[in-house]
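Step one of this worksheet: look at the structure below.
Heads up: numbering here begins at 1 and tracks the sequence. Being a predicted model, the structure only gives us computed values, none of them experimental. FYI, side chains are in, hydrogens and waters are out, and symmetry mates aren't considered; it's all heavy atoms of this structure.
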Amino acid sequence: MTWESTVLLRTPEGVKALDSAMEVAGSDPLAAASALRARGLSPELASAALTQVELRRRAVAKFGADAASMFFTRAGLEQATRAVVAERRARRLAAAGVRTLADLGCGLGSDALAAARFGISVYAVEADPETAAMAAANAEALGLDVRVECADAMSVPVERYDAVFADPARRKAGRGRVFDPKSYSPPWDFIASLPDRVPRTVLKLAPGIDHDLLPPGAEGEWTSVDGDLVEAAFWCGPLAEVPRRAVLVREQTSELTGTGTEKAPVGPVGAFLYDPDPAVVRSHLVAELAERLGARLGDPEIAYLYTDEPVETGFARRLEVTDVLPFSLKRLRALLRERGIGRLEIRKRGSALEPEQLRKDLRLSGPHGASLVLTRVAGAPTALLCREI
Ligand SMILES: C[S@@+](CC[C@H](N)C(=O)[O-])C[C@H]1O[C@@H](n2cnc3c(N)ncnc32)[C@H](O)[C@@H]1O
């Protein structure tokens with residue numbers, strides 16, 4: 001979609017085109033385009049309207065009911081912060097007394113819009129003209145006070161604002177590389193210098209970001225939504241409240257905080273295994289979770305926890321361990337056959353085995369289901385057979 005077609009969609013003719021596209025969308029795309037052409041729409045407007053309707057449909061997962069009146073680009077939607085996460089951040093900024101905010105690289109505006117909803121006056125800059133036009137359209141559509149400008153974030157006099165927020169774009173880093181400063185836009189050097197210029201800086205980063213890159217004294221926060229790790233955020237200067245925080249957004253949001261440097265006790269495998277949420281693992285708060293659960297690790301390097309009695313927790317998935325065996329394909333196959341296990345959920349941590357290949361090699365058959373955990377216990381490759389949940 002071009003910048004011009006974004007403008008077109010906001011004209012009265014464009015609004016009608018969007019209504020018509022809603023009516024015909026869902027059918028075969030070619031048939032839908034022909035139907036719109038038959039109603040007198042130009043090919044460009046028909047295509048822009050159909051694309052927008054399709055993107056709005058997909059955006060519901062991130063933006064809920066607001067999606068119906070917002071404007072999206074494919075890339076912008078992919079990079080946009082989920083509204084529920086943006087809202088939490090905005091609430092925290094407002095509670096910290098932030099009244100004016102510069103959003104550097106605002107994309108379609110998810111974070112900027114959320115901040116404005118909490119009464120923060122937002123200046124949002126975006127380098128890409130089409131995306132900037134959509135961010136402005138989104139603020140207008142939702143009736144929110146966000147001043148959007150198409151500009152280079154590096155030219156913004158950030159010192160004028162109470163706080164600054166940056167969510168840099170990231171090209172996919174090379175295979176196996178967790179952090180590549182060259183893949184950031186605006187560049188990492190600029191991003192990393194922001195807390196020196198504006199103490200109340202928040203950086204949204206890829207969840208794989210290295211803890212060593214946290215500015216001194218900053219809080220590292222990792223967020224998951226329904227068990228998917230979605231982002232890391234560095235809360236700098238006076239915005240930092242704790243060294244590390246894990247935020248698990250589900251129907252209800254729960255948080256775990258701590259130093260990120262504690263070590264969990266290590267001991268034998270127990271009757272119950274806990275697979276911590278990825279936000280807990282990435283924020284290095286497994287020891288804090290172990291303490292809450294009265295649990296131990298089976299291996300100092302592997303983030304599975306064990307207890308002898310079941311403990312309720314929303315911070316980990318719990319499995320009941322029925323069998324513990326040193327890993328051997330032959331022994332495992334025999335055990336599964338003896339138990340009549342034909343359905344197997346396989347999870348692993350600290351094992352190089354390929355679950356799908358293993359599943360084939362196990363030649364499963366039988367009426368029952370189970371979970372298999374491939375891991376190491378005290379350094380030794382181990383298979384844990386668990387009751388299916
Ligand atoms: C990850 S997206 C931001 C998403 C946004 N937080 C949201 O939730 O909708 C990063 C944005 O920064 C923009 N960008 C990259 N370099 C920039 C620069 N130097 N100045 C301004 N914007 C820039 C990109 O075009 C992209 O839209």
Side-chain angles (χ1 to χ4, degrees), residues 175-178 207-208 210-211 222 224 227-229 246 260-291 293-311 313 315-366 368-389:
R175 270 207 325 169
R177 296 185 70 180
V178 172
D210 196 330
H211 286 234
W222 275 262
S224 68
D228 287 335
L229 192 57
T261 55
E262 302 299 315
K263 297 266 177 263
V266 182
V269 168
F272 296 90
L273 177 152
Y274 302 80
D275 184 358
D277 184 276
V280 174
V281 178
R282 278 302 315 165
S283 57
H284 295 179
L285 293 173
V286 173
E288 279 78 356
L289 179 59
E291 194 182 347
L293 302 178
R296 58 202 180 252
L297 296 169
D299 185 291
E301 303 300 324
I302 296 179
Y304 285 139
L305 292 167
Y306 303 93
T307 62
D308 299 322
E309 298 298 328
V311 185
T313 179
F315 289 106
R317 173 128 190 255
R318 188 179 75 204
L319 301 172
E320 188 178 349
V321 180
T322 56
D323 299 85
V324 182
L325 55 158
F327 183 80
S328 140
L329 181 61
K330 234 169 122 185
R331 283 185 60 182
L332 190 56
R333 197 188 283 143
L335 178 67
L336 297 176
R337 188 162 307 148
E338 184 190 309
R339 301 279 163 85
I341 288 166
R343 293 187 317 278
L344 198 60
E345 178 218 47
I346 304 177
R347 54 182 65 212
K348 65 167 197 165
R349 197 165 268 164
S351 165
L353 287 163
E354 280 301 328
E356 286 324 306
Q357 185 56 48
L358 177 66
R359 190 189 300 283
K360 281 188 202 135
D361 296 343
L362 287 170
R363 300 198 290 270
L364 302 167
S365 80
H368 303 301
S371 292
L372 176 69
V373 178
L374 304 168
T375 187
R376 287 199 313 267
V377 174
T382 304
L384 305 173
L385 192 62
C386 302
R387 231 182 278 289
E388 192 180 43
I389 295 187

[X] and [Y]: which non-hydrogen atoms are nearest, and at how many Å?
X    : Y    : result
L273 : D275 : CD2-N, 4.0 Å
A303 : V286 : CB-CG2, 4.0 Å
D308 : G270 : OD1-CA, 3.6 Å
P276 : R349 : CD-NH1, 3.6 Å
E345 : S371 : OE1-OG, 2.8 Å
A246 : L285 : N-CD1, 3.6 Å

Do the side chains of [Y] and [X] get nearer than 4.5 Å, heavy atoms only?
X    : Y    : answer
F272 : L293 : no
E354 : R359 : no
R363 : R333 : yes
L335 : I341 : no
E320 : P310 : no
L353 : F327 : yes
T382 : D299 : no
Y274 : V311 : yes

How long is the span from the [atom1] atom in [X] to the [atom2] atom in [Y], to the nearest 0.5 Å?
X    : Y    : atom1 : atom2 : answer
K348 : L372 : NZ    : CG    : 11.5 Å
Q357 : L362 : CD    : CG    : 10.0 Å
L297 : L305 : CG    : CG    : 5.5 Å

Using modelled atom types only, decide if a donor and an acceptor are shared between the side chain of [X] and the backbone of [Y] within a distance under 3.5 Å.
X    : Y    : result
W222 : P278 : no
H211 : R282 : yes
T307 : A295 : no

Set of side chain to side chain donor-acceptor pair (under 3.5 Å) partners for S224, sequence neighbours left out = D277

More than 12 heavy atoms from other groups under 6.0 Å of CD on E309 | no

Would you mind telling me which of V321, L344, V324, L319 makes a side-chain contact (heavy atoms from CB on, under 4.5 Å) with L385?
-> L344

